[in-house]
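A note on names: the letters A, B, ... follow the listed sequences, proteins ahead of strands, and every chain is numbered from 1. These numbers were taken from a predicted model, which means no experiment stands behind them.
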Protein chains: 2
Amino acid sequence: MVQLQQNAVRNRLIKAMSPDDFDRLQPHLYLTDLPLQQMLIAPNQRVEHLYFLESGVSSITAQGSDGRVEVGIAGREGLVGAVPLLLGSDRVPHDHFMQLAGEGWRIGAEALLAATDASATLRRLLLRYIQTELVQVRQTAFVNASFNIEARLARWLLMCHDRVDGDDLLLKHEFLSMMLGVQRSGVTLALQNLEGAGRIKARRGRITVIDRERLETLADGSYGAPEAEYARLIEGALCRATTSTCGTSRARAGWPRIWRATNSPTSALRARRRCDRRAT
Amino acid sequence: MVQLQQNAVRNRLIKAMSPDDFDRLQPHLYLTDLPLQQMLIAPNQRVEHLYFLESGVSSITAQGSDGRVEVGIAGREGLVGAVPLLLGSDRVPHDHFMQLAGEGWRIGAEALLAATDASATLRRLLLRYIQTELVQVRQTAFVNASFNIEARLARWLLMCHDRVDGDDLLLKHEFLSMMLGVQRSGVTLALQNLEGAGRIKARRGRITVIDRERLETLADGSYGAPEAEYARLIEGALCRATTSTCGTSRARAGWPRIWRATNSPTSALRARRRCDRRAT
DNA sequence: TTCGTTTTGTATGGTATCGAACATAACGGA
DNA sequence: TCCGTTATGTTCGATACCATACAAAACGAA
């Protein structure tokens, strides 16, 4: 393996950690291909490896009698397996698998545990990441109870868009329906609405985000708060001390400025093409 | 304040901690009355105090444009405020308030932080509790997407029942509808179904659980998994080491044996009165 | 190209839930 | 006791979504 440069990494947790912490982890990181449907963590089984995702998207799903439903999502902002490792268990009851193929830095559970035991700052960073996971899933619980398919779909596309390069999402309606816990045909209709309004373009197996800003408008409050919390907790540069008072009201103040900056600089421009409003 | 005995406490986290850890905390615990609607943690504000609940139930809610929805619940099995304290932030974007009046041991954030810094076992216990919170809210996200009002109501009543003495829940339909994110009249109808089937008895402002076991049958998979995870992570007596292999398949094996044992010994008996099955 | 497969589009009746209104019943203070 | 207030019961049209089926289109391999 070649010597790894921290600033060449795209994972945002790795980017956010101190150089010392990076040096601690670096010898244990192995870049791994993560093909579609790859199971990263199997339910109720001991977690042996964790993954700092570089690209692609992973889902956490709950399995019910009538199929699975997504209860969490992770991409290059995350570390798959952080919860069982850092919260002192060695397993979780949900499965984590790749829903968009990509790559990730794999690390052994023992190596990461040793690193977090040795470095308080690293431990603190990863614990903060777990807090963002918690905020995200609380939002999902809220959204699932309160929003219609169209808004939930818009939110989901935005979250996915945040985690990929470019504006194309390689997704099938069938898959989306599972993630949202709704009918497949309902997804088709909702996508048609979004497409008719010029927010996306849908082809077979591919959804292209055309007008991200208006997509956010349509999601109407279902998207944004957890993303702001990530910016505050992980990338709020001044947040070091546990009881720091930084970012007092930033989470309320609005969205992170550049949540998607590294992903697709073009979309930020494109998003401004038109900006009319439409009632939900 | 009188000297406190660990075995006289009813909070299950305190019960589960080692005597040493209890001694560490004991000087800082103040029994506090927690009346209905008392705000324990305000959203996006620094957490000054945490609460080991002794009785009563607290809700975590998300505020949307059309009202609040519950995205978490805590009772005597929990510590309100654990997330911001132990995950290294000092605030959360959701509010925590009492939905059933009770009491709790209040402790200052600094005192608890000092204790967790000093004791690895205490820190591990509380981090594991956070994992149970995470599992619980993932389940809520799943349930909100997949189950009808009746099943969700049944689950909610069971979770509430787990956390109170006796079988009476002092709740209004209006309140329940907010928690579940549904119409008030929908709650009334669902309660009537449950009552007609003999599972509960509903009077003005009071719901009595009559047949808990059949209530679980009706909840049909929406209830149980997080409760089993609590039993495994917190009360699985052998789980001490971080990478322990205890409880390998217990979470799948079924419900905790005595989740409600200390609360209402009578209900376990009563639950067995009848046991027919009915399709959902 | 052709054909089989996969994915998406479309239609339809049924159901759960909404949204709102109003009626009834329980409670509590004067 | 009465009466105002609060909580619950009930109704009903509207609607979002389900469940299912089938048609059309896109794709890919022979």
Per nearest nucleotide of DNA chain D, the residue lying toward the 5' end, Arg203(A) or Glu195(B), is Glu195(B)
Taking only N and O in the side chain of Gln183(A), is any of them less than 4.0 Å away from OP1 or OP2 of dA19(D)?
yes
I need the full list of ring-ring contact (aromatic ring centres under 6.0 Å, His included) pairs touching residues 133-155 of chain A, with sequence neighbours left out, sorted by first then second residue.
Phe142(A)-Phe147(A)
Distance-only donor-acceptor check, side chains Ser177(B) and Arg184(B), under 3.5 Å:
no
Gln192(A) CD - dC17(D) C1' separation (whole Å):
15 Å
Rounded distance (Å) that lies between atom P of dT17(C) and atom CZ of Phe147(A):
19 Å
To the nearest angstrom, how far is Leu170(A) atom CG from dC27(D) atom P?
12 Å
Judged by nearest nucleotide, the residue sitting upstream toward the 5' end of DNA chain C, Ser185(A) or Ala145(A), is Ser185(A)
Please determine, for the side chain of Lys172(B), which listed nucleotide (dA7(D), dT8(C), dT10(D)) has the closest atom?
dA7(D)
Touch check for Leu191(A), heavy atoms < 4.0 angstrom, all strands: base, sugar-phosphate only, or nothing?
nothing
With nearest nucleotides of DNA chain D determined for Gly205(B) and Arg204(A) from heavy-atom distances, which residue corresponds to the more 5′ nucleotide?
Gly205(B)
Kindly write out the residues that satisfy salt bridge (Lys or Arg N to Asp or Glu O under 4.0 Å) with Glu70(A), not counting sequence neighbours, or none if the list is empty.
none
Say whether, by atom type as modelled, one donor and one acceptor occur between the side chain of Gln131(B) and the main chain of Arg91(A) under 3.5 angstrom.
yes
Rounded to whole Å, the CD-C1' distance (Glu174(A) to dT5(C)) equals 15 Å
At 4.0 Å (heavy atoms only), tell me whether Gly186(B) reaches a base, stays on the sugar-phosphate, or touches nothing.
nothing
OP1 or OP2 of dG9(C) under 4.0 Å from side-chain N/O of His173(A)
yes
Thr217(A) and Arg199(A) side chains, donor-acceptor separation under 3.5 Å
no
To the nearest angstrom, the CG-C1' distance between Asn144(B) and dT17(C) comes to 14 Å
Just how large is the angle between the end axes of the helix from dT1(C)-dA30(D) to dA30(C)-dT1(D), five pairs per end, to 10 degrees?
30°
d(CG, Leu189(B); P, dC12(D)) in whole Å:
13 Å
Distance, rounded to the nearest Å, where Leu153(B) contributes CG and dA16(C) contributes P:
16 Å
List the steps and the verdict of salt bridge (charged side-chain N to carboxylate O under 4.0 Å, His left out) for Arg138(B) and Glu133(A).
CA-CA 10 Å; Arg138(B) 289 210 199 282; Glu133(A) 280 199 74; 3.1 Å; yes
Separation of dT17(C) C1' from Asn193(B) CG (nearest whole Å)
13 Å
Salt bridge (charged side-chain N to carboxylate O under 4.0 Å, His left out) for Arg212(B) and Glu216(B)? Distances and angles first, verdict last.
CA-CA 6 Å; Arg212(B) 187 184 157 86; Glu216(B) 291 186 14; 3.3 Å; yes
Is it the case that the base of dG19(C) and the side chain of Arg184(B) share a donor-acceptor contact (distance under 3.5 Å, atom types as modelled)?
no
